[in-house]
Amino acid sequence: MLHQNSTGVTSLYLQTRGCPPRNQVVWRKASETIPLTVGLVPFVEDPRMEVEHPPGSSQWNLVIRNLRPEDAGVYECQVSSKVRHLRHHVTLLVKDEPKPKEKNPNIQISGQNYVDEGERIFLQCNATAEDQPPEDLDWFREGNRLQTSETKGVFIRKYVTLSTGTIVSILEIKHARLKDAGVYVCRTSSLDVTSFRVNVLNGRSKGKGRQGWITLLKKVFHSGKLTLGVPG
């Protein structure tokens with residue numbers, strides 16, 4: 001009989017009815033030649049294994065504590081006497097306890113999708129988990145990992161809020177260039193990712209447009225030919 005109690009102790013029970021106390025009882029794993037126990041004496045150096053034998057009873061219980069996957073297999077109890085040898089086999093199956101499925105952290109990026117050339121790109125990535133925040137966050141653009149570079153005007157700052165289980169990474173590009181446009185990816189140390197697209201607008205063309213209107217208005221006022229009318 002196989003029994004497992006609430007503390008994780010599993011016992012293999014074999015009761016030999018009518019067996020005189022002087023008979024020798026041996027437990028061994030069928031795949032091994034060396035016995036596990038002989039009588040009440042352990043034969044292997046494994047403190048997890050022992051034999052329970054209530055005095056005066058015919059029970060010789062092999063106890064295996066803190067089961068491991070490698071403990072699975074066929075066990076043999078052998079009772080030796082001058083008349084005959086009795087053998088009984090018991091199959092032990094060990095199933096791993098299902099591990100609780102870890103929930104992926106909640107990860108998101110906030111910032112502006114459109115910035116003018118020369119303005120600042122400011123993106124903030126937040127990753128929150130139930131138990132504890134991810135160990136780290138990394139930034140990528142078009143597949144390339146970004147790092148702080150003062151010469152390029154790129155700065156990355158990180159901090160962790162333990163009370164909410166959140167890690168925050170802030171990406172700042174001081175002066176946006178047209179080539180800074182693209183898809184920015186924030187990736188956690190557990191390889192969870194989210195993305196955010198940034199478009200850099202050509203500020204020079206916008207300036208030319210405004211200057212063109214100013215030049216046109218100046219010409220109109222200097223010529224004195226300004227006609228206002230309301231359609232009838």
Side-chain angles (χ1 to χ4, degrees), residues 1-108 126-138 158 160-167 185-194:
M1 180 174 63
L2 181 64
H3 171 72
Q4 182 172 4
N5 62 20
S6 59
T7 60
V9 178
T10 299
S11 304
L12 297 176
Y13 292 94
L14 177 63
Q15 185 176 30
T16 54
R17 296 182 182 277
C19 177
R22 64 179 179 273
N23 287 355
Q24 188 79 292
V25 177
V26 177
W27 275 101
R28 74 179 186 90
K29 201 169 183 180
S31 59
E32 305 291 338
T33 57
I34 300 176
L36 300 173
T37 60
V38 177
L40 294 174
V41 180
F43 220 72
V44 293
E45 295 182 358
D46 191 339
R48 300 179 302 120
M49 295 189 180
E50 63 179 340
V51 170
E52 291 180 351
H53 175 57
S57 71
S58 56
Q59 289 187 4
W60 296 82
N61 305 327
L62 174 65
V63 180
I64 306 176
R65 303 180 186 277
N66 300 321
L67 274 179
R68 301 170 182 168
E70 58 266 26
D71 292 327
V74 179
Y75 289 79
E76 177 186 271
C77 179
Q78 178 180 325
V79 180
S80 301
S81 66
K82 295 181 179 179
V83 181
R84 58 177 178 169
H85 296 285
L86 300 177
R87 288 183 174 86
H88 187 79
H89 294 88
V90 178
T91 300
L92 174 63
L93 301 177
V94 180
K95 294 182 179 180
D96 292 334
E97 292 186 3
K99 296 181 180 179
K101 186 177 179 180
E102 297 182 358
K103 294 184 178 180
N104 293 333
N106 179 21
I107 178 173
Q108 57 184 357
N126 295 1
T128 304
E130 290 185 356
D131 298 332
Q132 60 181 10
E135 295 181 0
D136 201 3
L137 292 176
D138 289 316
K158 303 175 185 178
V160 176
T161 305
L162 294 178
S163 59
T164 58
T166 303
I167 181 173
V185 173
C186 180
R187 187 182 71 179
T188 69
S189 52
S190 55
L191 304 184
D192 297 291
V193 299
T194 187

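Predicted, not measured: the structure shown is a model, and the values here were computed from it.
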* Asked: Would you find a donor on one side and an acceptor on the other, under 3.5 Å apart, between the side chain of R48 and the backbone of R65?
  ->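 Answer holds: yes.
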Hey, are the side chains of [X] and [Y] touching, using non-hydrogen atoms and a 4.5 Å cut-off?
{"X": "D138", "Y": "K158", "result": "yes"}
{"X": "H88", "Y": "V90", "result": "yes"}
{"X": "V79", "Y": "W60", "result": "no"}

* Mind checking side chain to side chain donor-acceptor pair (under 3.5 Å) for R187 and listing every partner two or more places apart, or none if nothing turns up? =>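 Side chain to side chain donor-acceptor pair (under 3.5 Å) check on R187 returns nothing, list empty.
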From [atom1] ([X]) to [atom2] ([Y]), nearest 0.5 Å:
{"X": "I167", "Y": "L162", "atom1": "CD1", "atom2": "CG", "result": "10.5 Å"}
{"X": "D71", "Y": "D46", "atom1": "CG", "atom2": "CG", "result": "7.5 Å"}
{"X": "T188", "Y": "N106", "atom1": "OG1", "atom2": "CG", "result": "11.5 Å"}
{"X": "C186", "Y": "I107", "atom1": "SG", "atom2": "CD1", "result": "4.0 Å"}
{"X": "T194", "Y": "L137", "atom1": "OG1", "atom2": "CG", "result": "11.0 Å"}

* Got a sec: does the CD of E135 have more than 12 other heavy atoms crowding it under 6.0 Å? ->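 Counting other residues, nucleotides and ligands, CD of E135 stays at 12 neighbours or fewer.
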* Asked: Taking everything shown except L191 itself, do over 12 heavy atoms lie less than 6.0 Å from its CG?
  ->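 Yes, CG of L191 has more than 12 neighbouring heavy atoms, counting only those of other groups under 6.0 Å.
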* Let me know which of I64, N61, V51, V38 forms a side chain to side chain contact (heavy atoms under 4.5 Å, CB included) with W27. =>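 Exactly one pass, corresponding to V51.
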* Determine the minimum heavy-atom distance between G165 and P133, stating which atoms define it. =>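 Looks like O-CB, 3.4 Å.
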* To do: Could you list all the side chain to side chain donor-acceptor pair (under 3.5 Å) pairs where at least one residue sits in residues 29-44, not counting sequence neighbours?
  =>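 Non-adjacent pairs meeting side chain to side chain donor-acceptor pair (under 3.5 Å): zero.
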